[in-house]
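Just so it is clear: chains get the letters A, B, ... in the order the sequence lines come, proteins before strands, and each one is counted from 1. Computed from heavy atoms alone, side chains included, the values below leave out hydrogens, waters and symmetry copies.
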Amino acid sequence: EPATEKPAAPEPARERPTVGAGTAYVTPLVRKLAAEKGVDLSTVTGSGVGGRIRKQDVEEAAAAQQAAPAPAA
Amino acid sequence: MAESQEYDIVILGAGSGGYAAALRAAELGMSVAMVEADKVGGTCLHRGCIPTKALLHSAEVADTIRESDVFGIKGTLDGIDMSGVSSFKDGIVGRLYKGLQGLVSSRKVEVIQGWGTLVSPDTVEVDGKRYTGKNVILASGSYSKTLPGLEIGGRVITSEQALELDFVPQSAIVLGGGVIGVEFASLWSSFGTEVTILEGLPNLVPNEDVALSKGLERAFRKRKIAFHTSTMFSGVEQDENGVTVTTQDGKTYQADLLLVAVGRGPATDGLGYAEQGIPMERGFVLTNERLHTGVGNVYAVGDIVPGLQLAHRGFQQGIFVAEEIAGLNPPPIVESGIPRVTYSEPNVASVGLTEAQAKETYGEDKVVTLEYNLGGNGKSQILQTAGFVKLVREQDGPIVGVHMLGARLGELVGEGQLIVNWEAYPEDVAALVHGHPTQDEALGEAALALAGKPLHSHN
Amino acid sequence: MAESQEYDIVILGAGSGGYAAALRAAELGMSVAMVEADKVGGTCLHRGCIPTKALLHSAEVADTIRESDVFGIKGTLDGIDMSGVSSFKDGIVGRLYKGLQGLVSSRKVEVIQGWGTLVSPDTVEVDGKRYTGKNVILASGSYSKTLPGLEIGGRVITSEQALELDFVPQSAIVLGGGVIGVEFASLWSSFGTEVTILEGLPNLVPNEDVALSKGLERAFRKRKIAFHTSTMFSGVEQDENGVTVTTQDGKTYQADLLLVAVGRGPATDGLGYAEQGIPMERGFVLTNERLHTGVGNVYAVGDIVPGLQLAHRGFQQGIFVAEEIAGLNPPPIVESGIPRVTYSEPNVASVGLTEAQAKETYGEDKVVTLEYNLGGNGKSQILQTAGFVKLVREQDGPIVGVHMLGARLGELVGEGQLIVNWEAYPEDVAALVHGHPTQDEALGEAALALAGKPLHSHN
Ligand SMILES: Cc1cc2nc3c(=O)[nH]c(=O)nc-3n(C[C@H](O)[C@H](O)[C@H](O)COP(=O)(O)OP(=O)(O)OC[C@H]3O[C@@H](n4cnc5c(N)ncnc54)[C@H](O)[C@@H]3O)c2cc1C
Ligand SMILES: Cc1cc2nc3c(=O)[nH]c(=O)nc-3n(C[C@H](O)[C@H](O)[C@H](O)COP(=O)(O)OP(=O)(O)OC[C@H]3O[C@@H](n4cnc5c(N)ncnc54)[C@H](O)[C@@H]3O)c2cc1C
């Protein structure tokens, strides 16, 4: 299940590329989209080859975040 | 009161910006009237991008023949047949013009032939007839500027006349070392003209990264294209034998012709813009980042909007405004992400920030650059072209600028455009080893080196 | 027992795969011995990619001169000077070879000159001397195959001899319409040779999307390059006047030469691989997706590993294995994401899945394709080249294949590579209006059309 209950954690200033070191590779487009939508990629499960995070995964995570109750303003 | 017809959008000017807006708006189901005094296609198609690139290709053909020996091909350059060159150019323009007309009519855009003026924030008048739009897009484009006291006529010409010459000048002075000046200098030189460029700023193509300027200057020196930078025009005389240009440092230059290529001014005079309260500055139309003028539903696109004067910027802005009007809420266009190509020999191509701009943006010590010399690139060696690919990145961040010099490298700017606009890191590009042996590989090699894993390079 | 030296890595073969591994490993601080019987650079540099592309450029120069009239340039093609062509080619190879040698020695890679064999899973023996590696990389490359009963010699040649010809054949039969066959057919035809291609499969470049095959066939027909597909070789006779080839349908073909271009076999015979238990199939070395053979610390890269036989695949695999050994855990290489270019006139270039492969992967009705014809592309019109860009996307998903046909389009495959490997959607590309007027713009226009917002196209 997407971690929709997570309180909005402070966003990292910028996602770093995660080539190598065992982490799934994230394409620039996905990284950019995640930054735009405020999605923390470490919470997203990739549905692509080898667990690669796809654009759809980020969009779903963003939609789920939106659907989640808004934090008290 | 004049008779009046209503549209979703009325567009004033059918150049790159205007017709792109019209085509996109029509696709989105809107009714569109597009007013054009001359020909659909505007500057770019009829007296800009396309005819110059046709001439530049003829120039490339001449160079290829001249240098064919190097490749083991025995060829003789018997001459430049300017009427043949012109009919080639005119054929290209004609075919594309026909295609564009077909496209415009197939999308049911109504083209109003005639000179239009903005008579109210929602109305353009043409020959006493009024065309009212729920939205109006100003797209009247640009014209060749000159300098105060420098009159165009006779042997003093602008790009319009230069494109129509029916002879190859023996010698020419080009006033202005920007894109247009450099392109004509390049093609004339290939045709055998002795060319001298005069440029007021310290470098040729002064808007580019200084590495590109220096590289182009080196290449032009090798090609024996003379140029004098930091050199201010002071006056010109002409008679039946030629022109004599004097510069502020007291020097004089003589040639058959003077090409004035000192930039393009906005074609906005006497069109009623100011009268309707459209905000203007030095003739340009001011807009917000959504290309809205702030008056009624009036938008502006293309060369009349301050910024890069490029056809594809006009396309992109035209599409943007059509989508904006349709309520699609498109993301604003990032001006620095628009690619720029000078189609001279060698090509100059760039997208994103120059090194200097990047340092301004991120800080002097937060920018890393890398130059990959084409000497290491097999295909460029085969083409016998010198040059380089320079990448500019934010330290530990994405590539923010791609700058290239070399024959044919203009074609690589699309890849650069993806890299910069998609905010790719050097590692992202480096992971994708490029096709061998291409020139495109130089971009890949530069990324490999910048990612700290140089392959065919010595850093 | 022979004397023995120890290294972090011992590499057998200094071609594209081997030397890329060596360079990257050395960068990562490992000690490397690279065994090479012939010349560092291997097939690609000395008798593959580079010399063929040099000849293809000479061919382009010849074509340019022949067609110069079209562009208004008066030129005469006086002849092909094959000794000049050869010295151009040899000069390019020589310069790049020198550069590569400098690179290899500057990175402190030890090159062992001589014929190596694998004598144990961690040891290569050369002239009785043993070189032991904590890791071993097999990179012995490939050779020109022939068919059973088809002996190479005299007028029956492979690409190696074809590259060294000191004359232009009047006529040639090319057996095999794959990349190498098509490239030689193209360049010989430009030099004036009457060429006939015989191909057993139903299409030229049969590994490409069928649209590219058909397009290339159309172009070759126009160029008067004869070809017979679905045509099986049965035998050849030669005498001092030429060759006579018979095919299984009973037809005969005569020419000066027969070029056998039926593929490349793995150069693995007698090198001790099988003896050391390395898993093999039809001479190829089998590995897992991390290029490990499953035996000891033995890896394999390049043409001996089943898949695309391309230099940059070798580079990418070599870099991968070096990083794998260094513990960097690089992501596995996606074979379909490697770009493929046939440098004939016109170029054939592709990356990602063909339409057929995409349908297999995603389902017959889950794939959308779009073809953008170069007829709408200004720069291609200027170059007078026909062709198209075909995009294949997963329905509602990313672009999974880019397929291109046309002069010079090989240079655009890098952009295609980013698109496919970064899983871009048509909208992502369409948002970035490409530089005008470039050929690269055709890729942008195709994306615009596929995103449902065609600009210069009629769909
Ligand atoms: C020599 C040269 C070479 C160039 N090369 C390139 C290149 O290679 N690549 C590139 O990207 N850009 C190039 N450009 C620039 C490019 O041509 C312009 O950026 C582009 O044409 C701008 O489009 P636009 O729609 O703003 O204006 P325009 O193309 O100038 O179109 C404006 C149209 O509006 C019409 N119009 C104006 N006022 C009225 C009126 N009152 N009533 C009716 N109609 C009116 C005009 O007749 C014209 O057709 C070149 C320009 C020149 C001069
Ligand atoms: C005519 C032609 C054109 C081509 N054009 C292109 C192109 O344009 N683009 C492209 O990407 N690819 C092209 N290729 C393919 C490309 O050349 C190969 O994919 C590439 O060279 C493979 O690299 P490799 O390292 O696997 O093997 P190779 O380059 O074959 O290198 C193997 C090396 O190992 C050495 N070796 C073998 N056995 C031993 C031994 N026992 N002891 C010591 N040394 C040994 C050989 O001498 C050789 O130097 C072309 C090939 C040909 C033939």
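Panel note: side chain Gln439(B), backbone Glu411(C); no donor-acceptor pair is recorded below 3.5 Å. With Gln417(B) contributing its side chain and Val433(C) its backbone, the two residues share a donor-acceptor pair below 3.5 Å. No donor-acceptor distance shorter than 3.5 angstrom exists from the side chain of Thr64(B) to the backbone of Val61(C), with no hydrogens or angles considered.
Contact annotation for Tyr343(B): only side-chain heavy atoms (C-beta onward) come within less than 4.5 Å of a heavy atom of chain C. Interface residue Glu323(B): only side-chain heavy atoms are found under 4.5 Å from chain C. When heavy atoms are compared at a cutoff of 4.5 Å, Leu412(C) approaches chain B solely by way of its side chain, counted from C-beta outward. Only the side chain of Leu96(B) comes within contact range of chain C, with at least one heavy atom under 4.5 Å from a heavy atom of that chain. Proximity to chain C is limited to the side chain of Arg95(B), based on heavy atoms less than 4.5 angstrom apart. Of the two parts of Ala431(C), only the backbone, made up of N, CA, C and O, holds a non-hydrogen atom closer than 4.5 Å to a non-hydrogen atom of chain B. Both the backbone and the side chain of Asp428(C) come within contact range of chain B, judged by heavy atoms closer than 4.5 Å. At a 4.5 Å heavy-atom cutoff, the contact between Ile92(C) and chain B is made by side-chain atoms alone. At a 4.5 Å heavy-atom cutoff, the contact between Ser106(B) and chain C is made by side-chain atoms alone. Proximity to chain C is limited to the side chain of Lys379(B), based on heavy atoms less than 4.5 angstrom apart. With a threshold of 4.5 angstrom between heavy atoms, Val429(B) approaches chain C through its backbone and through its side chain.
Within the 4.5 Å cutoff, the side chain of His434(C) has no heavy atoms near those of the His312(B) side chain.
No other option in Leu77(B), Ile319(B), Leu443(B), Leu103(B) has as many heavy-atom pairs under 4.5 Å with chain C as Leu103(B). In terms of heavy-atom pairs under 4.5 Å with chain B, the best-connected choice from Leu23(C), Val413(C), Val341(C), Ile50(C) is Ile50(C). Of all the listed residues (Asp81(B), Ile382(B), Leu310(B)), the one sharing the greatest number of non-hydrogen pairs under 4.5 Å with chain C is Ile382(B). Comparing Ser86(B), Ala54(B), Gly84(B), Gly79(B) by heavy-atom pairs within less than 4.5 Å of chain C, the highest count is held by Gly79(B). Of the listed residues Gly376(B), Ser58(B), Ala311(B), Ala424(B), the one with more heavy-atom pairs under 4.5 angstrom with chain C than any other is Ser58(B).
Of the inter-residue distances, the one linking Leu418(B) atom CG with Leu418(C) atom CG reads 6.0 Å to the nearest 0.5 angstrom.
Within residues 333-340 of chain C, the residues having any heavy atom closer than 4.5 Å to a heavy atom of chain B are Pro339(C), listed by residue number.
The distance between the ring centers of Tyr19(B) and His456(C) falls below 6.0 angstrom.
Salt-bridge check for Arg408(B) with Glu60(C): passed, with a basic side-chain N closer than 4.0 Å to an acidic carboxylate O.
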Task: Intermediate values then yes/no, side chain to side chain contact (heavy atoms under 4.5 Å, CB included), Ile80(C) and Ile73(B) - done: CA-CA 5 Å; Ile80(C) 312 295; Ile73(B) 308 301; 3.8 Å; yes

